[in-house]
Amino acid sequence: MITGTLLGGGITVDLDAIARNWRALDTVASSALTAAVLKADAYGTGARAVGRTLYKAGARFFFVATPDEGVHLRAALPAEAHIFVLDGLLPGTSADYAGHRLMPVLASLEQLGEWLDFCIERSQPFPAALHFDTGFNRVGIRSEDAERTRAELDRSGFEPQMVMSHFACADQPTHEMTRKQHGIFQSVLTQFPNTPASIANSAALMTSRDFHFQMVRPGIALYGGRAVNGRANPMSPVVSMHVPVLQVKQARMGETVGYGAAYRLRRDTRLAIMALGYADGFMRALGGTVGNPGGRVAIEGRIAPILGRVSMDMTAVDITDIDVPVKPGDLLEVLGQTVRIDDVADAARTIGYEILTTLNGRFPRQYVNVPPGVDIG
Ligand SMILES: *Cc1c(COP(=O)(O)O)cnc(C)c1O
């Protein structure tokens with residue numbers, strides 16, 4: 001990813017805002033360790049710079065999804081950083097994990113067996129965590145196998161660094177699934193009375209102290225996204241994105257805009273064509289068709305709705321009602337102070353996570369408010 005000046009617009013990531021968000025969450029989770037989830041290149045913001053920023057802020061525990069993400073993050077962080085790999089252990093890769101000082105979050109008895117064999121072969125208890133499935137039905141050891149897991153560990157004398165699980169519905173605080181999973185997790189933990197436990201993502205961290213245990217694992221909230229549905233989002237915005245206007249034109253009532261002639265103008269309309277399309281991760285679902293309003297961008301705090309379909313590299317917006325001059329080269333705010341990640345997500349009928357992880361197609365990324373002493377190179 002190119003870092004530099006933004007000739008034709010681009011994405012800016014406010015590293016100090018990420019550090020502030022981490023500290024705010026760390027304060028909420030006062031008695032627990034606050035880790036940081038940096039999977040998918042830190043939700044599209046750049047795991048290297050974000051990892052170093054959060055290390056400087058005090059974070060020592062990091063989560064990535066894949067071993068490759070772990071290798072990259074390991075190279076960016078001091079030796080004291082602990083890196084967990086959420087995908088678990090892929091068959092035959094134990095030596096790679098250990099060699100890069102990555103900890104697999106072991107997600108089945110087979111994975112545990114393979115890791116224990118490896119540790120015995122090397123006569124060294126390489127650290128790892130255990131993931132229990134408390135009802136999500138994604139990866140994880142089934143909760144009924146907690147006792148068998150305990151027995152496996154007792155046979156080898158191995159103790160995991162941490163026992164974790166993951167909520168399916170933490171973003172909906174009153175959902176009964178959360179209470180149910182919490183109960184199952186507590187019964188799993190009776191087999192691991194002396195092992196640190198962790199179940200909270202951002203939403204669970206922000207919802208109840210009961211979910212904090214010994215470690216919390218926020219992701220989305222670090223990056224300024226909304227974690228809990230139906231509540232005001234207290235986090236600082238982190239990511240902004242601006243793209244240039246390519247052309248401004250006057251079109252007449254009755255004409256159509258864009259592919260499929262999907263939007264017919266209901267008045268004489270001033271259009272700005274912006275250099276942004278689905279190839280940049282600006283989803284086609286954000287197109288505005290009749291009866292189906294799409295996404296919005298902004299200029300100087302004024303909103304401009306999208307008209308017609310999003311094409312690969314260009315999209316039209318309605319600037320008729322904008323009372324400031326708009327000309328080619330002016331930058332439109334796609335994300336920022338006026339258009340928040342979750343506004344875009346709602347318009348595309350998705351979640352902020354998907355917006356963040358897809359909206360980084362071909363644009364240069366620039367870091368701003370880099371904390372002193374953090375090397376983003
Ligand atoms: C992604 C993820 C998190 C972080 O979730 P957020 O909702 O982004 O805070 C925590 N734990 C696991 C297992 C995850 O996959």
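Each ligand, and each atom within it, is numbered from 1 in the order the structure gives.
- Taking atom 14 (C) of ligand 1 as the reference point, the nearest protein heavy-atom neighbour is Lys39 NZ, 2.9 Å.
- Arg340 and Asp346 are not joined by a salt bridge, as no carboxylate oxygen comes within less than 4.0 angstrom of a charged side-chain nitrogen.
- At a heavy-atom distance under 4.0 Å, no atom of Leu205 approaches ligand 1.
- Under 4.0 Å is where a charged nitrogen must lie from a carboxylate oxygen, and between Arg142 and Asp145 no such pair does.
- Of the protein's non-hydrogen atoms, Asn201 CB, 3.4 Å is the one closest to atom 5 (O) of ligand 1.
- Close contacts between ligand 1 and Pro218 involve ligand atoms 9 (O) [criterion: under 4.0 Å to a heavy atom].
- The NE2 atom of His82 sits 8.5 Å away from atom CE of Met215, with the distance rounded to the nearest 0.5 Å.
- Remark: ligand 1 and Gly219 share an N or O pair separated by less than 3.5 Å (distance only, no angle test).
- Glu152 has a carboxylate O that lies under 4.0 Å from a charged side-chain N of Arg155, or vice versa, which qualifies the two as a salt bridge.
- Between Asp343 and Arg226, no side-chain nitrogen of the basic residue sits less than 4.0 Å from a carboxylate oxygen of the acidic one, so the salt-bridge criterion is not met.
- Distances below 4.0 Å separate heavy atoms of Tyr43 from the following atoms of ligand 1: 1 (C), 4 (C), 5 (O), 6 (P), 8 (O).
- A cation-pi arrangement is present between Arg60 and Tyr55, with the terminal nitrogen or guanidinium carbon under 6.0 Å from the aromatic centre and inside a 45° cone about the axis.
- The nearest heavy-atom contact from the protein to atom 9 (O) of ligand 1 is Ser202 OG, 2.5 Å.
- For the residue pair Thr256 / Arg264, no side-chain donor-acceptor distance below 3.5 Å is found, with atom types taken as modelled.
- Residue contacts with ligand 1 for Arg217 involve both N, CA, C or O and side-chain atoms from C-beta outward (heavy atoms, distance under 4.0 Å).
- Those atoms of ligand 1 with a heavy atom of Arg138 less than 4.0 angstrom away are 15 (O).
- A salt bridge between Asp318 and Arg270 is absent, with no side-chain N of the basic residue lying under 4.0 Å from a carboxylate O of the acidic one.
- In this structure, Tyr97 has its ring center at least 6.0 angstrom away from the ring center of Phe118.
- Atoms of ligand 1 found under 4.0 Å from any heavy atom of Met164, numbered from 1 in the order shown, are 13 (C).
- The shortest separation from a heavy atom of Met206 to ligand 1 is not under 4.0 Å, leaving the residue out of contact.
- For Val37, no nitrogen or oxygen atom sits less than 3.5 Å from a nitrogen or oxygen atom of ligand 1, counting backbone and side chain alike.
- Within ligand 1, the atoms closer than 4.0 Å to a non-hydrogen atom of Tyr353 are 6 (P), 7 (O), 8 (O), numbered from 1 in the order shown.
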